[in-house]
Asker: 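Attaching a single structure in structure tokens format; questions to follow.
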Amino acid sequence: MALVEISSLGRTYLSKNKSQTIALQNVNLSIEKGEFISVVGPSGCGKSTLLKIVGGLLPASEGIVTVAGDRVVRPRADVGIVYQAPLLLPWRTVIENVLLPLEIQKGVKPKDVDNAMELLELVGLERFAKSYPAELSGGMQQRVGICRALVTRPALLLMDEPFGALDAMTREFLNLELMRICAESSQTVLFITHSIPESVFLGDRVIVMSSRPGTINEIVAITLPRPRTTAMMATEDFGVAAEHIRGHFNLSGAAHL
Ligand SMILES: Nc1ncnc2c1ncn2[C@@H]1O[C@H](COP(=O)(O)OP(=O)(O)OP(=O)(O)O)[C@@H](O)[C@H]1O
Ligand SMILES: [Mg+2]
């Protein structure tokens, strides 16, 4: 069985003035263990809504989501989430921020501190363990956010435009780091992005969503070999995949993607 099963998923928001917004409609997707799934789609098409429902932060209006065979009805300890803003607690050191989910879930043991230090090492921040978030750059803070999401060793990692606020060079660097970490641990990831090149570069499959009400227009398999290198972005296969995905949005007029 797939790690994540999303079946006939729908979500309607009811606003204060009683008007309804259908954010998601009939979304169906299976995610296998170890898969890296990218999601692209125009602004407002329901990407964050989808991620929040899979993360148990928001109830579905229709359909069901299961993770490891269990229906998702609340946040799970084995699902980690990384947001666009790192949302670190400013009064806690880097290592204390990374350990926060464990502190909340079950208490921190000495070996957890070792694991957290290993994660910081993996993203090149071991020297900053005792620093405070304000002493770090945006890219470094985002790396701390990734460590915090990974510290529980989640079966599933949900990422909502984690690198959207970063400059192009930092973004490329973190893309490579993320891929390395995911390859080492066969991490299953659902990754939302506005960037078509990023979706192709990272993904085993790219979910292309339509504008509201958001539904899946196409699922594009990316056949580039792994490990991936930035040089692959100049290959024909990469260009063809990116152009194919771009075609969906040109047709619907969302040329900004
Ligand atoms: N709490 C809410 N109440 C009412 N409507 C909402 C709420 N949250 C989201 N929506 C609406 O649902 C739709 C989907 O929102 P969502 O945040 O999932 O989009 P998105 O694809 O993540 O957009 P972006 O790319 O800009 O982040 C939008 O039209 C939005 O206005
Ligand atoms: Mg969003």
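Only a predicted model underlies this, so the values are computations on that prediction, with no experimental measurement involved. Index from 1, following the sequence. Whatever order the structure lists them in is the order used to number ligands and atoms, beginning at 1.
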Asker: Got the closest protein heavy atom to atom 26 (O) of ligand 1, with its distance?
Answerer: S43 OG, 2.6 Å

Asker: Does ligand 1 have any atom that is closer than 4.0 Å to a heavy atom of H194?
Answerer: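 Distance cut 4.0 Å: H194 passes for ligand 1.
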
Asker: Check for a donor-acceptor pair, side chain of N97 on one end and backbone N or O of L89 on the other, with a separation under 3.5 Å.
Answerer: yes

Asker: Side chain or backbone, does T49 bring an N or O within less than 3.5 Å of an N or O on ligand 1?
Answerer: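 There is such a contact, yes.
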
Asker: With backbone taken as N, CA, C and O and side chain as the heavy atoms from C-beta onward, which portion of S15 lies under 4.0 Å from ligand 1: side chain, backbone, both, or neither?
Answerer: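 Near ligand 1, S15 shows nothing, with every heavy atom at 4.0 Å or more.
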
Asker: May I ask you to check whether A23 has an N/O atom sitting below 3.5 Å from an N/O atom of ligand 1?
Answerer: no

Asker: Do V98 and L100 sit in the same hydrophobic cluster, where Ile, Leu, Val, Met, Phe, Trp and Tyr count as joined when their side-chain heavy atoms come under 4.5 Å apart?
Answerer: no

Asker: Could you see which bit of M209 sits under 4.0 Å from ligand 1, with heavy atoms only: side chain, backbone, both or neither?
Answerer: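 No part of M209 comes within reach of ligand 1.
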
Asker: In the protein, what heavy atom is nearest to atom 31 (O) of ligand 1, and what distance, to one decimal place, separates them?
Answerer: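 Nearest protein contact, heavy atoms only, for atom 31 (O) of ligand 1 is R212 NH1, 4.7 Å.
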
Asker: At a 4.0 Å threshold, what atoms of ligand 1 neighbour a non-hydrogen atom of S48?
Answerer: 17 (O), 18 (O), 20 (P), 22 (O), 27 (O)

Asker: side-chain hydrogen bond (donor to acceptor under 3.5 Å, both in side chains) for E35 and T188? Distances and angles first, verdict last.
Answerer: CA-CA 5 Å; E35 252 193 316; T188 312; over 6 Å; no

Asker: Does even one non-hydrogen atom of C45 get within less than 4.0 Å of ligand 1?
Answerer: yes

Asker: Quick one: nearest non-hydrogen protein atom to atom 23 (O) of ligand 1, plus distance?
Answerer: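 For atom 23 (O) of ligand 1, the nearest protein heavy atom is G44 N, 2.8 Å.
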
Asker: With no hydrogens and no angle check, is any side-chain donor or acceptor of S210 less than 3.5 Å from a backbone partner on T215?
Answerer: yes

Asker: Kindly check if the number of other-residue, nucleotide or ligand heavy atoms within 6.0 Å of CD (E184) is above 12?
Answerer: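 More than 12 within 6.0 Å, yes.
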
Asker: Passes side chain to side chain contact (heavy atoms under 4.5 Å, CB included), N217 versus F249? Steps please.
Answerer: CA-CA 10 Å; N217 257 352; F249 303 113; 5.9 Å; no

Asker: From S48, does some N, O or S atom reach closer than 2.8 Å to the Mg ion (ligand 2)?
Answerer: yes

Asker: Under 4.0 Å from a heavy atom of E161: give me the atoms of ligand 1 that qualify, with their elements.
Answerer: 25 (O), 27 (O)

Asker: To the nearest 0.1 Å, how far is atom 3 (N) of ligand 1 from its closest protein heavy atom, and which atom is that?
Answerer: Y13 CD2, 3.6 Å

Asker: Indicate the atoms forming the closest heavy-atom contact of T170 with G139, along with that distance.
Answerer: CG2-CA, 3.9 Å

Asker: Please answer whether the main-chain N or O of A23 pairs with a side-chain N or O of R11 as donor and acceptor at a distance below 3.5 Å.
Answerer: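 A pair under 3.5 Å: no.
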
Asker: Do me a favour and list the nearest non-hydrogen protein atom to atom 25 (O) of ligand 1 with residue, atom name and distance?
Answerer: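 Nearest protein contact, heavy atoms only, for atom 25 (O) of ligand 1 is K47 NZ, 2.7 Å.
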
Asker: With side chain to side chain contact (heavy atoms under 4.5 Å, CB included) as the criterion, how do M232 and T229 come out once you've worked through the C-alpha distance, each side chain's angles and the decisive distance to 0.1 Å?
Answerer: CA-CA 6 Å; M232 287 178 192; T229 62; 3.7 Å; yes

